[in-house]
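Keep in mind that this is a model prediction, so the values were computed, not measured. A, B, ... follow the sequence lines: proteins, then strands. Residue 1 opens every chain.
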Amino acid sequence: MEGISVFPIGIVETKTGLSKRQIRYYEQMGLLKPARTKGNQRRYSEKDVKRLLRIKELLKQGFDIQGIKAKLSEESQETSREPEDIIVEKEILNKLNDPIVGNRKITSLYPVSNRAALTEILSEKVKEETPE
DNA sequence: ATTCTGACA
DNA sequence: TGTCAGAA
C-alpha cells in the first residue's frame with residue numbers, strides 16, 4: 001500500500017523540505033513522475049517522497065541532474081542484478097564512450113563493489129586504445 | 001485555500 | 001530558485 005499516490009505537493013513540500021518549485025523542477029528533469037488528479041493536480045506516493053529525499057541527498061553530495069537520474073534509474077532496477085562480468089563490460093564501454101572521464105564525474109552509473117577490477121581492466125583497455 | 005503553468009525586476 | 005500572475 002505504498003504505491004498509491006495521495007499527497008498533494010504541499011504535504012510533500014513539508015515532508016521533504018524541498019520547495020514546490022524544486023519538486024516541480026525535478027519532475028521536468030525527468031527525475032519522477034507523480035500521478036495527476038482529474039483536475040491536473042499532482043499526487044505523490046510514499047515512493048515518490050522517498051525518491052525526492054534521495055534526490056535531496058544526492059544533490060547535497062554535489063550530483064548534477066544527470067548523475068541523479070542515473071543513480072535513480074539504477075536503484076529502480078536494483079532488483080534483478082546482472083552478473084559482475086557484464087556490469088564491468090558495460091562500465092568500460094560507458095567510460096570509453098564518455099569524453100569527460102578524466103576530469104569531471106561521469107554521467108553514467110558505476111557500482112563500486114569491484115571498482116578495483118574495473119579500473120584495472122579499464123587501464124589495460126585504455127592502454128590498448130592509446131598507443132602513446 | 002491550494003495547486004498549475006509560464007515567465008522574469 | 002524565488003516569486004508573481006491568471007486560471008482551475
Side-chain angles (χ1 to χ4, degrees):
Chain A
M1 283 67 190
E2 64 281 312
I4 57 182
S5 306
V6 289
F7 338 88
I9 196 168
I11 302 299
V12 178
E13 181 175 33
T14 67
K15 288 181 75 86
T16 65
L18 292 169
S19 67
K20 296 189 185 68
R21 179 76 165 84
Q22 291 176 298
I23 298 174
R24 292 173 181 138
Y25 177 67
Y26 302 150
E27 180 182 343
Q28 284 182 19
M29 295 298 96
L31 270 39
L32 42 25
K33 36 183 178 359
R36 296 281 186 147
T37 65
K38 290 182 179 181
N40 196 41
Q41 292 199 348
R42 279 168 257 255
R43 283 299 128 90
Y44 301 84
S45 64
E46 285 291 351
K47 201 174 178 182
D48 291 326
V49 174
K50 293 189 69 178
R51 201 181 180 73
L52 284 169
L53 289 175
R54 268 174 272 137
I55 292 174
K56 186 180 179 183
E57 298 313 309
L58 292 172
L59 231 46
K60 182 187 296 181
Q61 292 172 34
F63 281 88
D64 55 42
I65 304 302
Q66 299 255 308
I68 295 177
K69 192 179 174 187
K71 287 294 186 188
L72 259 35
S73 57
E74 170 183 331
E75 288 173 28
S76 296
Q77 321 170 117
E78 189 178 310
T79 307
S80 56
R81 204 168 280 174
E82 301 175 61
E84 293 184 12
D85 302 37
I86 298 182
I87 295 180
V88 173
E89 287 182 32
K90 288 191 174 183
E91 296 309 316
I92 294 176
L93 290 179
N94 285 331
K95 296 205 173 191
L96 291 179
N97 292 328
D98 201 329
I100 54 174
V101 176
N103 1 295
R104 279 274 166 216
K105 71 188 72 169
I106 53 180
T107 59
S108 50
L109 42 162
Y110 50 106
V112 288
S113 342
N114 52 346
R115 207 176 189 168
L118 171 61
T119 45
E120 191 172 340
I121 300 176
L122 178 56
S123 58
E124 292 184 8
K125 196 68 180 179
V126 172
K127 200 172 183 180
E128 296 176 0
E129 308 283 46
T130 319
E132 252 72 62

Colleague: Rounded to the Å, how far apart are Gln28(A) CD and dG6(B) C1'?
Modeller: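 It works out to 10 Å between those atoms.
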Colleague: Salt-bridge test for Glu27(A) and Arg21(A): reply yes if a basic N is under 4.0 Å from a carboxylate O, no otherwise.
Modeller: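 No, Glu27(A) and Arg21(A) are not salt-bridged.
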Colleague: Which part of the nucleic acid, if any, lies within contact of Arg36(A), taking any heavy atom under 4.0 Å across all strands shown: a base, the sugar-phosphate backbone alone, or nothing?
Modeller: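 Result for Arg36(A) = sugar-phosphate.
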Colleague: Report yes or no: does Lys20(A) contribute a side-chain atom to a donor-acceptor pair with the main-chain N or O of Ile9(A) at less than 3.5 Å?
Modeller: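 Checked: no pair found.
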Colleague: What nucleotide, of dC4(B), dA7(B), dT3(B), holds the atom closest to the side chain of Pro8(A)?
Modeller: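 It is dT3(B).
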Colleague: When both hydrogen-bonding distances must be under 3.5 Å and the geometry is Watson-Crick or G-U wobble, what is dA9(B) paired with, if anything?
Modeller: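 None - no nucleotide pairs with dA9(B), as no candidate has both distances under 3.5 Å.
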Colleague: OH of Tyr44(A) versus P of dT2(B): gap in Å, rounded?
Modeller: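 So the OH-P distance, Tyr44(A) to dT2(B), works out to 17 Å.
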Colleague: Using whole Å, report how far OH of Tyr25(A) lies from P of dG6(B).
Modeller: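 Computing the Tyr25(A):OH to dG6(B):P distance gives 15 Å.
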Colleague: Could you tell me whether the side chain of Arg54(A) and the main chain of Ile68(A) form a donor-acceptor pair under 3.5 Å?
Modeller: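 Looks like no, no N/O pair under 3.5 Å.
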Colleague: May I ask you to test the Lys60(A)-Glu57(A) pair for a side-chain heavy-atom distance under 4.5 Å?
Modeller: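 They are in side-chain contact.
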Colleague: Whole angstrom is fine here: how far is it from CZ in Arg21(A) over to P in dC8(B)?
Modeller: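 Nearest whole value for this atom pair: 13 Å.
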Colleague: Which whole-number value in Å describes the distance from Arg24(A) CZ to dA7(B) P?
Modeller: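 Going from Arg24(A) (CZ) to dA7(B) (P), I get 15 Å.
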Colleague: Rounded off to whole Å, could you give me the CZ-to-P distance for the Phe7(A) and dT3(B) pair?
Modeller: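 Roughly 14 Å, once rounded to whole Å.
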Colleague: Quickly work out the Glu13(A) CD to dA1(B) P distance and round it to whole Å.
Modeller: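 One finds 16 Å between P of dA1(B) and CD of Glu13(A), rounded.
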Colleague: Taking for each residue the nucleotide of DNA chain C bearing the nearest heavy atom, is the 5' side occupied by Leu59(A) or by Gln41(A)?
Modeller: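 Upstream on the strand: Leu59(A).
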Colleague: Name the nucleic acid region contacted by Gly10(A), choosing base, sugar-phosphate or nothing; use a 4.0 angstrom heavy-atom cut-off, strictly under.
Modeller: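 Sugar-phosphate, backbone atoms only, no base.
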Colleague: Report yes if some heavy atom in the side chain of Leu58(A) is under 4.5 Å from a heavy atom in the side chain of Leu72(A); otherwise report no.
Modeller: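 Yes - at least one pair of side-chain heavy atoms lies under 4.5 Å apart.
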Colleague: For the pair made of OH in Tyr26(A) and C1' in dG2(C), what is the distance, rounded to whole Å?
Modeller: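 Atom-to-atom, Tyr26(A) to dG2(C), this comes out as 13 Å.
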Colleague: Would you mind telling me which of dT3(C), dC4(B), dT3(B) lies closest to the side-chain atoms of Lys20(A)?
Modeller: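 Side chain of Lys20(A) sits closest to dT3(B).
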